[in-house]
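Report on the following structure.
Note: hydrogens, waters and symmetry copies are ignored here, and every other heavy atom, side chains too, is used. Chain letters run A, B, ... following the sequence lines, proteins first, then strands; residues in each count from 1.
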Amino acid sequence: MPELPEVETVKRHLISEVVGKTIVSVVYRDKRLLKGITTKKFSELVEGKKIERIIRRGKVLILGIKESGFIIIHLRISGWLIVSKKEEKFARVLFCLDDGRFINFCDQRVLGELKFSFNWQDLPIIKKMGQEVFDLDSKAFIALFGNKKSKIKPLLMDQHFLAGIGNIYAQEAVFCAGVHPGRQSNDLSPKELSKIYQCLKKILSKAIEKKGSSVDTYRDGEGKKGEYAELLKVYQRQNLPCVKCKTKIIKETIGGRGTCFCPRCQN
DNA sequence: AATGGGACCTGCGCGC
DNA sequence: TGCGCGCAGGTCCCAT
């Protein structure tokens, strides 16, 4: 599911709902989510401790635990977090809080990751991660993309290069900018790169405002669907008319991932 | 440096 | 109605 807007939505929800709460116990319905640590050790490190703060870096969620360390959550493809009074469908790990509610770590495909770290900034996934989109200005974005030979759409999704963009928003951004997803990044003019940058910021901001996109199983922290899905212009719109020119949207595999685009608007 | 394929997983929707 | 197949928002690892 989750790209930057969805993870940011979950983060904001957790900040308002669970910061200050104590994790009474952790229930493991499926241990495979837990990486690099035993359930016993994980429980020892977090049970009875207070959730102090919530951080997002790229698509990674970090829960600061008072006088302990950090719970690291990666939702990968089908993971999501729901704060509620009951055990939700596909709940793989449940954090039982002192107010009687649970943070449900739900994950249909069990590809998500739950870790513990004493120093989250030293995690390989964090160390290797590119900059946040919102930390870049137009000039820095153009400089970054201007000397890379990769195809633009897969490059936008490369977390080592730029953090937070996935298959939905990469497609939306290049559509918005009128750029073919298979174009080489270093062949794009500064004007085209600038346009992609502006589109990306606009789309991500709007998606955060709408609490993400709900294609398939994704839900925000309350278990509600995000509202950005209805604003998507090309993602999963193959064979439907382009919203700008009515040409049929096509779908191709680019960089190993399904990619929808308008063959007329995107050059 | 860039790209492609496979692996990790489950479950949904579709066509027959 | 039932079954097999393809496909899915991510990331890592390996080979070329």
Side-chain angles (χ1 to χ4, degrees), chain A residues 1-10 29-36 56-61 72-81 88-93 105-115 123-130 144-175 181-188 200 203-204 207-208 210-220 225-239 251-260:
Chain A
M1 75 151 185
E3 303 182 31
L4 188 154
E6 291 75 28
V7 180
E8 180 65 21
T9 298
V10 172
R29 296 287 184 232
D30 195 321
K31 296 174 188 174
R32 287 174 297 178
L33 288 197
L34 207 52
K35 309 286 180 185
R56 177 189 63 75
R57 175 75 173 94
K59 302 174 191 171
V60 179
L61 269 175
I72 311 299
I73 293 175
H74 199 307
L75 301 170
R76 290 287 189 101
I77 285 185
S78 60
W80 68 99
L81 301 178
E88 301 289 335
K89 193 180 178 191
F90 299 130
R92 309 293 184 186
V93 176
F105 187 167
C106 303
D107 188 1
Q108 182 195 93
R109 288 169 69 180
V110 204
L111 291 170
E113 289 191 346
L114 181 59
K115 295 181 188 175
L123 289 168
I125 192 171
I126 300 293
K127 287 202 134 179
K128 290 189 282 180
M129 195 177 283
L144 188 63
F145 281 78
N147 58 9
K148 271 289 212 181
K149 220 176 164 180
S150 319
K151 290 174 178 149
I152 184 64
K153 186 255 177 177
L155 187 57
L156 284 167
M157 295 170 61
D158 183 347
Q159 301 304 298
H160 305 305
F161 197 68
L162 185 66
I165 314 305
N167 203 24
I168 294 179
Y169 297 106
Q171 288 173 58
E172 294 299 314
V174 288
F175 171 78
R183 289 275 300 284
Q184 279 186 8
S185 185
N186 64 352
D187 281 347
L188 297 169
L200 206 45
I203 290 166
L204 294 175
I208 291 169
K210 294 287 184 183
K211 303 193 173 191
S213 304
S214 281
V215 182
D216 198 10
T217 54
Y218 167 78
R219 299 293 182 277
D220 70 16
K225 296 191 173 200
E227 294 161 358
Y228 194 77
E230 57 206 68
L231 297 182
L232 295 171
K233 304 285 195 289
V234 278
Y235 178 75
Q236 271 185 3
R237 293 198 73 251
Q238 61 271 29
N239 300 322
K251 184 172 183 179
E252 282 180 12
T253 299
I254 295 176
R257 305 294 297 276
T259 307
C260 298

ask   = Between A:Y169 and A:Y235, does the ring centroid distance fall short of 6.0 Å?
value =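 When the ring centroids of A:Y169 and A:Y235 are compared, they turn out to be at least 6.0 Å apart.
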ask   = Considering all heavy atoms of both residues, which atom of A:Y228 and which atom of A:S213 are nearest to each other, and what is their separation?
value =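 Looks like CD2-OG, 3.4 Å.
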message = Under 4.0 Å, heavy atoms only, any strand: does A:K128 hit a base, just the sugar-phosphate, or nothing?
response =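 Here A:K128 touches no strand at all.
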ask   = For DNA chain B, what dot-bracket results from Watson-Crick or G-U pairs at under 3.5 Å, with [ ] for crossers and | for inter-strand partners?
value = .|||||||.|||||||
Please confirm whether the shortest side-chain N or O distance from [X] to OP1 or OP2 of [N] is below 4.0 Å.
X: A:K148; N: B:dA1; value: no
X: A:H74; N: C:dG10; value: no
X: A:K89; N: B:dC12; value: yes

task = Look at the side chain of A:E3 and decide which nucleotide, out of C:dG10, C:dA8, B:dC12, has an atom nearest to it.
result =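 In terms of side-chain proximity for A:E3, the closest of C:dG10, C:dA8, B:dC12 is C:dG10.
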request  = For DNA chain C, find the residues of residues 155-163 of chain A with a heavy-atom distance under 4.0 Å and give them by number; none if there aren't any.
outcome  =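 Those residues are A:M157, A:Q159, A:H160.
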inquiry  = Checking A:R56 now: which residues fulfil side-chain hydrogen bond (donor to acceptor under 3.5 Å, both in side chains) with it, not counting sequence neighbours?
reply    =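 By the side-chain hydrogen bond (donor to acceptor under 3.5 Å, both in side chains) rule, A:R56 matches A:E8, A:E132.
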query = Does A:Q108 offer a backbone N or O that forms a donor-acceptor pair with the side chain of A:R92 under 3.5 Å?
reply =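 Judged by distance alone, yes, a pair lies under 3.5 Å.
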ask   = With distance as the sole test, does A:R29 use its side chain to make a donor-acceptor pair with the main-chain N or O of A:A91 at under 3.5 Å?
value =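 No, because the side chain of A:R29 does not come within donor-acceptor range (under 3.5 Å) of the backbone of A:A91.
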Heavy-atom side-chain proximity of [X] to [Y] below 4.5 angstrom:
X: A:R237; Y: A:C260; answer: no
X: A:K153; Y: A:R257; answer: yes
X: A:L75; Y: A:L81; answer: yes

query = In whole Å, what separates the P atom of C:dG6 from that of B:dG5?
reply =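 Roughly 16 Å separates the two P atoms.
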inquiry  = Restricting to salt bridge (Lys or Arg N to Asp or Glu O under 4.0 Å), what partner residues turn up for A:K127, sequence neighbours left out?
reply    =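 Checked A:K127 against salt bridge (Lys or Arg N to Asp or Glu O under 4.0 Å); matches are A:D122.
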query = Excluding sequence neighbours, so at least two apart, what forms salt bridge (Lys or Arg N to Asp or Glu O under 4.0 Å) with A:K233?
reply =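 Salt bridge (Lys or Arg N to Asp or Glu O under 4.0 Å) list for A:K233, sorted by chain: empty.
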request  = Could you run through nucleotides 3-10 of chain B and give me one letter per nucleotide, 5' to 3': B if any protein heavy atom sits under 4.0 Å from the base, S if only the sugar-phosphate is that close, - if neither?
outcome  = S----BBB
ask   = A:I125 CD1 to C:dG10 P: how many Å, rounded?
value =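 It is 12 Å, rounded to the nearest whole Å.
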